[in-house]
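Residue numbering restarts at 1 for every chain, and letters A, B, ... go by the order of the sequence lines. Everything numeric here is computed off the predicted structure, so don't read it as measured data.
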2 protein chains.
Amino acid sequence: MAKRPTVYDVAKQAKVSIATVSRVLRTPETVRPATRDAVQDAIRILGYVPSGSAQGLATQKTGVIGMFLPGFDAVEQLRDFTPSTKDEALLRPDPPAEGSALPQPDRLYFDEVLRGSEIEAWHQGRSLLINIGLGHSEEDITALVSDMAGKVDGMVVLARSIPDATLAFLRRRIPVVMVANAPQDDLPNADLVRVSNRKGMKALVNHLIDAHHVDSFAYIAGPDDSPDNHKRYEGFQEALSFHGINPATAPIYRGQFRSHLAHDITADLIKRRRLPRALVCANDQMALGAIQALNEAGIAIPDDVIVTGFDDIKETTSVVPRLTTVRQPMLDLGRAAVSVLAQRIENPTAPPIAIELPVTVLLRESCEGDMASETRE
Amino acid sequence: MAKRPTVYDVAKQAKVSIATVSRVLRTPETVRPATRDAVQDAIRILGYVPSGSAQGLATQKTGVIGMFLPGFDAVEQLRDFTPSTKDEALLRPDPPAEGSALPQPDRLYFDEVLRGSEIEAWHQGRSLLINIGLGHSEEDITALVSDMAGKVDGMVVLARSIPDATLAFLRRRIPVVMVANAPQDDLPNADLVRVSNRKGMKALVNHLIDAHHVDSFAYIAGPDDSPDNHKRYEGFQEALSFHGINPATAPIYRGQFRSHLAHDITADLIKRRRLPRALVCANDQMALGAIQALNEAGIAIPDDVIVTGFDDIKETTSVVPRLTTVRQPMLDLGRAAVSVLAQRIENPTAPPIAIELPVTVLLRESCEGDMASETRE
DNA sequence: TTGTAAGCGTTATCAC
DNA sequence: GTGATAACGCTTACAA
């Protein structure tokens with residue numbers, strides 16, 4: 001790993017000027033084949049790799065897209081990597097988990113989006129620079145984001161992963177595409193990529209009414225500050241109104257996108273004998289909590305109560321009955337985000353781009369009952 | 001998004017020289033508080049963000065670690081992101097899958113390693129530059145890797161994700177840490193981070209013999225070119241030898257880390273009435289295939305035949321009976337890799353670092369039988 | 001403590 | 001078709 005060779009070394013080796021070396025790399029057709037070969041040989045011999053920093057400086061672009069991932073509570077994962085000294089590996093009985101294991105939903109979600117971004121980045125001939133926001137202090141995050149901003153041509157930002165002020169700052173400097181964030185008043189003409197939460201919930205509830213003649217609902221909502229949550233509730237309302245049901249007659253219970261609260265809400269509903277025909281939950285975690293409460297009380301799903309979720313997290317198919325839910329195209333979200341960002345980078349003055357990706361309602365036993373006999377698609 | 005301000009703009013605004021601006025950023029303590037504040041104000045007012053490229057050029061380091069992910073067969077994921085025009089979301093009945101769904105194992109594996117790398121990169125104050133190797137041609141991959149090499153201080157390379165020649169080339173230019181690759185003759189003094197495949201398999205097989213008195217085995221192996229596969233088989237042999245069983249008496253069946261082949265091998269074993277007491281598989285996919293074949297034939301697991309896997313992929317706990325397997329600390333693999341790489345970058349001449357992470361044998365019903373009564377840990 | 005100026009390794013605009 | 005040479009934006013001796 002001697003000192004890395006530069007254009008000058010290559011030029012000398014090939015007996016040409018550095019300009020020619022650069023041309024061979026960028027516009028090979030403008031250089032005579034003979035010289036071109038000479039340069040390429042030199043490059044090979046020296047193992048020359050152009051400096052990205054120098055290229056970036058000269059061209060004013062890096063070919064890199066930044067992506068900032070929110071940090072979870074993973075900071076405590078701080079064990080050491082002590083080489084194993086024992087000659088035996090650890091044995092551990094691993095009995096089946098009781099109750100529903102607490103899922104770690106966001107993580108899978110981001111993994112999918114990330115993967116989609118990687119794929120599209122590849123298509124665009126760009127790299128992805130990723131950072132995870134483990135430092136919980138706002139300064140830390142701002143510093144990190146600012147640092148990234150200096151290294152990339154544009155940035156994909158996941159909904160609510162960075163403070164508003166930081167986001168505003170960022171948007172002054174480089175193109176930014178928001179993912180899964182509903183347009184907000186304070187974000188005029190931002191490029192964004194999202195998913196049709198409203199339509200998904202609406203279609204789901206329409207189905208409950210049309211196919212299952214549900215006439216009484218309860219809605220277990222997510223946190224107030226979640227745009228997703230609002231959009232879903234809008235869809236819920238629309239479906240009800242459309243069928244002449246006054247949405248006001250369907251009670252809302254405020255949750256936190258967590259299964260625990262939904263479990264308690266449901267248990268309370270059971271105790272007070274206020275169970276509706278269908279329990280519509282703003283996301284899967286909560287639906288799982290509800291199912292657990294119903295199962296504990298021996299209430300039949302879907303015969304007594306229908307339960308639905310949103311997101312299609314992994315656990316929805318391991319619970320009994322399997323949960324009817326709405327799947328978001330996470331991978332496409334990532335793909336679309338990077339695609340839009342690339343367009344924006346190439347054409348900074350084009351009008352704002354907003355993409356809405358369609359969702360899919362997955363009908364499963366928690367509303368359909370036994371499906372085993374149906375033909376598999 | 002006017003032209004991005006530079007040190008010069010900041011200097012002018014704060015009425016100092018560009019050197020002072022730089023100092024405020026890098027060594028604030030060397031500048032008088034008054035001037036420091038002036039500069040910081042200017043930075044704030046202008047929304048100044050240092051150019052990573054310029055910094056990289058000047059300091060000869062980027063603060064970025066590269067990571068190259070292998071590309072699967074995901075290239076065909078090429079639909080468009082057509083905004084949904086329909087007002088209704090798509091409804092789809094989603095009956096339970098028959099048979100064991102085909103898992104996509106590597107992907108989860110890499111996601112874990114990636115996540116670990118992100119976490120450690122954060123600890124090290126570095127960013128991660130990732131690229132996925134979708135272009136199947138060797139030139140494409142080499143070009144991509146070479147491009148990355150120009151942008152990073154070092155690189156984490158997953159086992160067999162890039163061609164040997166490219167790897168050799170890469171190692172001449174920048175520090176490289178190999179992940180999950182057994183040391184090979186052609187890779188002298190490489191830094192590497194791996195997992196004790198051998199010890200894991202050995203402990204597992206020892207357990208089968210000690211606790212379950214297994215005296216006849218068959219081994220369903222992975223591909224010949226996989227170091228993991230070899231290490232696991234070594235562990236298998238060692239355990240047998242240790243107990244005075246001649247490994248030669250346990251037939252080996254060559255698989256491909258795929259469930260399909262293992263299924264057929266097992267079915268064949270059944271037909272020929274050659275089933276051993278225990279079927280030890282080199283990874284989970286194959287074990288799942290074996291279980292499927294046994295279930296189809298109505299053979300009891302573990303009463304008639306014990307089956308074991310390796311990796312602990314998601315599906316191991318949804319199959320019946322749940323699969324006894326060996327879990328690798330994927331997240332720690334990533335963490336360790338970045339940690340080692342950071343050390344290497346800071347001290348290029350230190351002796352090679354090799355870390356072996358311990359694995360955990362997870363005893364589940366496919367060898368233990370009913371565990372429901374046991375106390376949960 | 002602060003300023004001046006010389007790189008860092010490219011690209012790109014001119015001449016030739 | 002090729003070669004000088006001036007940016008590009010920052011860091012860092014070296015001077016002041």
Side-chain angles (χ1 to χ4, degrees), chain A residues 2-40 42-43 46-64 146-153 173-174, chain B residues 2-40 42-43 46-64 146-153 173-174:
Chain A
K3 214 167 71 27
R4 298 170 53 150
T6 72
V7 259
Y8 292 95
D9 301 312
V10 176
K12 191 186 302 174
Q13 168 87 22
K15 301 190 196 306
V16 296
S17 76
I18 62 166
T20 299
V21 176
S22 182
R23 286 193 194 98
V24 170
L25 262 43
R26 307 187 70 78
T27 52
E29 63 281 4
T30 68
V31 58
R32 195 199 315 152
T35 27
R36 190 197 308 159
D37 291 345
V39 171
Q40 272 160 349
I43 288 178
L46 270 39
Y48 166 75
V49 171
S51 152
S53 296
Q55 288 181 313
L57 227 206
T59 60
Q60 299 288 66
K61 47 189 53 195
T62 65
V64 176
S146 168
D147 184 70
M148 288 187 84
K151 296 176 173 168
V152 302
D153 294 337
R173 295 270 64 90
I174 55 173
Chain B
K3 214 167 73 23
R4 297 169 54 148
T6 73
V7 260
Y8 294 94
D9 300 313
V10 175
K12 190 186 305 174
Q13 168 87 22
K15 301 189 196 307
V16 296
S17 75
I18 62 166
T20 299
V21 175
S22 182
R23 287 192 193 98
V24 170
L25 261 46
R26 308 188 70 78
T27 51
E29 62 282 3
T30 69
V31 56
R32 195 199 314 152
T35 27
R36 189 197 308 159
D37 291 346
V39 171
Q40 273 160 348
I43 289 179
L46 268 40
Y48 167 73
V49 172
S51 152
S53 296
Q55 288 180 314
L57 229 205
T59 60
Q60 299 289 67
K61 47 189 54 194
T62 65
V64 176
S146 169
D147 184 70
M148 288 189 83
K151 295 177 174 167
V152 302
D153 294 335
R173 295 269 65 88
I174 55 173

For a quick test of reading the model: is some side-chain N or O of [X] closer than 4.0 Å to OP1 or OP2 of [N]?
X: A:Y8; N: D:dA4; answer: no
X: A:Q55; N: C:dG9; answer: no
X: A:S22; N: C:dT11; answer: yes

message = For the backbone of B:V64 and the side chain of B:K151, can you confirm whether one donor and one acceptor N or O come within less than 3.5 Å of each other?
response =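 The answer is no, because no donor-acceptor pair under 3.5 Å joins these two groups.
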query = Would a distance-only check, ignoring hydrogens and angles, find a side-chain to backbone donor-acceptor pair under 3.5 Å from B:R23 to B:T30?
reply =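 No; zero donor-acceptor contacts below 3.5 Å.
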Round to the nearest Å and state the distance from [X] atom [atom1] to [N] atom [atom2].
X: A:D9; N: C:dC8; atom1: CG; atom2: P; value: 11 Å
X: B:R4; N: D:dA7; atom1: CZ; atom2: C1'; value: 17 Å
X: B:K3; N: D:dC8; atom1: NZ; atom2: C1'; value: 10 Å
X: B:K61; N: C:dG9; atom1: NZ; atom2: P; value: 14 Å
X: B:R23; N: C:dT4; atom1: CZ; atom2: P; value: 11 Å
X: B:K151; N: C:dG9; atom1: NZ; atom2: C1'; value: 15 Å
X: B:L25; N: D:dG9; atom1: CG; atom2: C1'; value: 12 Å
X: B:L57; N: D:dT12; atom1: CG; atom2: P; value: 13 Å

Check every atom of [options] against the side chain of [X] and return the nucleotide holding the closest atom.
X: A:A19; options: D:dT11, D:dA4, D:dC10; answer: D:dA4
X: A:Q60; options: C:dT10, D:dG3, D:dG9; answer: D:dG9
X: A:R32; options: D:dG1, D:dT11, C:dT10; answer: D:dG1
X: B:S17; options: C:dT10, D:dG9, C:dT4; answer: C:dT4
X: A:S51; options: C:dT10, D:dC8, D:dT12; answer: C:dT10
X: B:A58; options: C:dG9, D:dC10, D:dA4; answer: D:dC10

Base, sugar-phosphate, or nothing: which does [X] touch, judged by heavy atoms less than 4.0 Å apart?
X: A:V31; answer: sugar-phosphate
X: B:T35; answer: sugar-phosphate
X: B:I18; answer: base
X: B:R26; answer: sugar-phosphate
X: B:T20; answer: sugar-phosphate
X: A:V21; answer: nothing
X: A:V49; answer: sugar-phosphate

task = Run the numbers on A:R36 and A:V39 for side chain to side chain contact (heavy atoms under 4.5 Å, CB included), then give the verdict.
result = CA-CA 5 Å; A:R36 190 197 308 159; A:V39 171; 5.9 Å; no
task = Could you say whether B:P50 or A:E29 is positioned toward the 5' end of DNA chain D, judged by the nucleotide with the nearest heavy atom to each?
result =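 Closest to the 5' end, via its nearest nucleotide, is A:E29.
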request  = Please say which of B:V49, B:L25, B:D9 ends up in a side chain to side chain contact (heavy atoms under 4.5 Å, CB included) with B:I43.
outcome  =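 Filter result, single survivor: B:L25.
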query = Which distance, rounded to the nearest 0.5 Å, do you find between the CD of A:Q55 and the CG of B:D147?
reply =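 Spacing of CD (A:Q55) from CG (B:D147) equals 7.0 Å.
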request  = Using the side chain to side chain contact (heavy atoms under 4.5 Å, CB included) rule, take B:Y48 and B:V7 through it: C-alpha gap first, then chi angles, then the decisive distance, then the call.
outcome  = CA-CA 8 Å; B:Y48 167 73; B:V7 260; 3.7 Å; yes
